[in-house]
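We number each residue from 1, following the sequence as shown. Both counts, for ligands and for their atoms, begin at 1 and track the order of listing.
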Amino acid sequence: MHRSKNKQSSAGFTNQEKMGEITNVMEYQAIAKQKLPKMVYDYYASGAEDEWTLNENREAFSRILFRPRILIDVSKIDITTTVLGFKISMPIMIAPSAMQKMANPEGEYATARAASAAGTIMTLSSWATSSVEEVASTGPGIRFFQLYVYKDRNVVEQLVRRAERAGFKAIALTVDTPRLGRREADIKNRFVLPPYLTLKNFEGLDLGKMDKSNDSGLASYVAGQIDRTLSWKDVKWLQSITSLPILVKGVITAEDARLAVHSGAAGIIVSNHGARQLDYVPATISALEEVVTAAQGRIPVYLDGGVRRGTDVFKALALGAAGVFIGRPVVFALAAEGEAGVRNVLRMLREEFELTMALGGCTSLADITRSHIFTEGDRLGRPLPRL
Ligand code: FNR
């Protein structure tokens with residue numbers, strides 16, 4: 001597998017020269033595709049099975065339109081917010097995505113530094129190629145830790161302790177992955193973590209490597225190590241071993257939102273895992289309002305999935321999200337430009353979001369209301385499902 005930094009096109013121009021200045025976060029994907037080995041690019045980009053939900057995560061945003069208000073003084077706009085009591089510069093945060101050193105040698109360090117420079121939160125994956133301690137050593141910053149629950153609960157306890165000691169402020173418990181979704185590109189590529197990398201949080205526990213298999217190596221790893229019995233009682237168990245607040249990541253129905261509230265979760269992340277788990281679930285932006293309604297304002301609701309524009313952030317907030325997380329834009333920008341790329345992604349989204357607020361007639365996040373948008377459901381006069 002070769003890695004070409006500046007692949008020349010037939011016309012003799014590099015891809016980046018042809019594209020000129022990068023003006024939106026989606027442009028990093030094509031550059032990443034040029035630069036990365038196919039196995040790595042496919043792992044980052046893929047969704048499950050038919051990738052219906054993958055496309056829908058974007059499409060559904062495009063079906064929501066604005067009802068902007070005019071002649072409002074928008075000379076000063078405040079997009080700062082508070083997440084679980086932590087003040088951040090904008091309601092745009094970084095979702096956990098695994099194995100970032102496959103994209104760039106600096107991997108999670110670069111992401112941590114970029115998030116910190118932008119004044120926002122990075123969520124570190126359990127399956128990071130840098131450990132909680134290493135990421136903490138990059139400097140100050142508000143960071144959350146994403147948890148996969150292993151069959152061996154001692155491993156989980158140790159890891160949670162280490163995250164606490166390293167100064168992580170919350171646990172994002174991923175609840176949509178009792179088994180890995182069927183990502184066909186990874187199966188065809190026999191995806192495995194490259195041998196020069198390890199899942200650093202598990203180094204020394206014999207769980208840091210991924211064996212080659214007749215399948216996606218990650219799917220086999222999950223089948224061997226991840227606890228399929230995970231249930232709501234384990235949220236209580238997790239609370240018994242840590243005082244960190246727990247965000248339940250992967251709720252997309254009202255029923256589960258109510259259970260999350262009852263379980264004592266500190267918040268919900270409406271997520272379909274970037275469309276990498278169950279295909280044919282709705283786009284997260286389509287499921288958001290049902291979850292927000294069910295949570296009844298008792299705990300904050302966040303969203304990830306398909307957020308690529310400042311307008312998307314505004315739409316999510318108008319539907320009741322307290323903030324959003326981005327996944328793939330980070331790994332694609334890392335592949336293209338390392339830390340500078342991630343900084344640029346955060347800057348572009350910030351600027352687009354601020355502009356959307358100005359053109360929508362909002363000067364603070366509290367000004368963003370449901371009546372600033374209309375959805376397909378609104379147009380069809382469709383009531384929210386009564387659940
Ligand atoms: C992910 N995601 C993920 N989620 C999680 O809880 N733990 C993990 O280790 C990972 N790893 C991971 C790797 C890659 C390459 C991707 C693309 C995604 C899911 C992630 O946190 C988030 O839910 C989605 O990425 C959000 O969708 P977008 O922004 O990628 O469309």
Side-chain angles (χ1 to χ4, degrees), residues 25-26 28-29 32 36 39-48 51 53-61 92-104 107-108 111 121-130 144-150 159 170-178 180-181 183 185-186 191 193 199-202 210 216 218 221-222 225-226 230 246-252 268-278 281 283-285 287 302-309 312-313 316 321 323-335 342 345-346 349:
V25 309
M26 287 162 290
Y28 278 119
Q29 180 160 357
L36 292 171
M39 181 194 76
V40 173
Y41 173 78
D42 285 352
Y43 169 70
Y44 288 153
S46 297
E51 300 190 335
T53 298
L54 185 65
N55 291 320
E56 179 67 2
N57 270 355
R58 288 293 308 135
E59 287 290 313
F61 273 114
I92 304 165
M93 297 167 277
I94 296 185
S97 54
M99 302 177 241
Q100 295 183 1
K101 283 193 180 172
M102 296 193 306
N104 179 282
E108 293 84 4
T111 304
I121 292 166
M122 171 198 184
T123 315
L124 182 72
S125 166
S126 277
W127 294 338
T129 38
S130 314
F144 294 169
F145 180 69
Q146 175 270 329
L147 185 68
Y148 280 125
V149 176
Y150 280 57
L159 190 53
I171 303 285
L173 174 68
T174 300
V175 294
D176 56 14
T177 312
L180 203 72
R183 307 164 192 173
D186 293 350
F191 172 80
L193 184 65
L199 301 179
K200 274 279 183 155
N201 288 315
F202 302 98
M210 213 174 276
S216 149
L218 185 60
Y221 180 86
V222 169
Q225 304 303 336
I226 299 302
L230 197 73
I246 296 165
L247 297 172
V248 180
K249 175 177 185 280
V251 170
I252 47 171
I268 290 170
I269 305 176
V270 174
S271 172
N272 52 33
H273 211 117
R276 295 158 77 79
Q277 286 298 107
L278 181 60
V281 294
T284 49
I285 194 66
Y302 304 95
L303 169 137
D304 74 27
V307 175
R308 303 290 181 268
R309 284 283 191 189
D312 300 335
V313 181
V324 302
F325 292 83
I326 51 167
R328 288 183 186 80
V330 171
V331 286
F332 293 146
L334 265 182
V342 183
V345 158
L346 292 170
L349 286 176

Is it the case that Arg328 places NZ or CZ above or below the six-membered ring of Tyr28, under 6.0 angstrom from the centre and within 45 degrees of the axis? no
With the side chain counted from C-beta on, respond yes when Gln277 and Leu180 share a heavy-atom pair under 4.5 Å apart, and no when they do not. yes
Taking the side chain as every heavy atom from C-beta outward, state whether Phe145 and Pro96 have any atom pair closer than 4.5 Å. no
Pair Met93, Thr123 - check side-chain contact (heavy atoms from CB on, under 4.5 Å), show working. CA-CA 8 Å; Met93 297 167 277; Thr123 315; 5.8 Å; no
On a heavy-atom basis, which atom in Asp176 and which in Asn272 lie closest, and how many Å separate them? OD2-C, 4.1 Å
Can you say whether the rings of Tyr43 and Phe191 are parallel (under 30°), tilted (30 to 60°) or perpendicular (over 60°)? parallel
Strictly under 4.0 angstrom, heavy-atom based: which residues surround ligand 1? Tyr43, Tyr44, Ala95, Pro96, Ser97, Ala98, Ser125, Gln146, Tyr148, Thr174, Lys249, Ser271, His273, Gly274, Arg276, Asp304, Gly305, Gly306, Arg308, Ile326, Gly327, Arg328
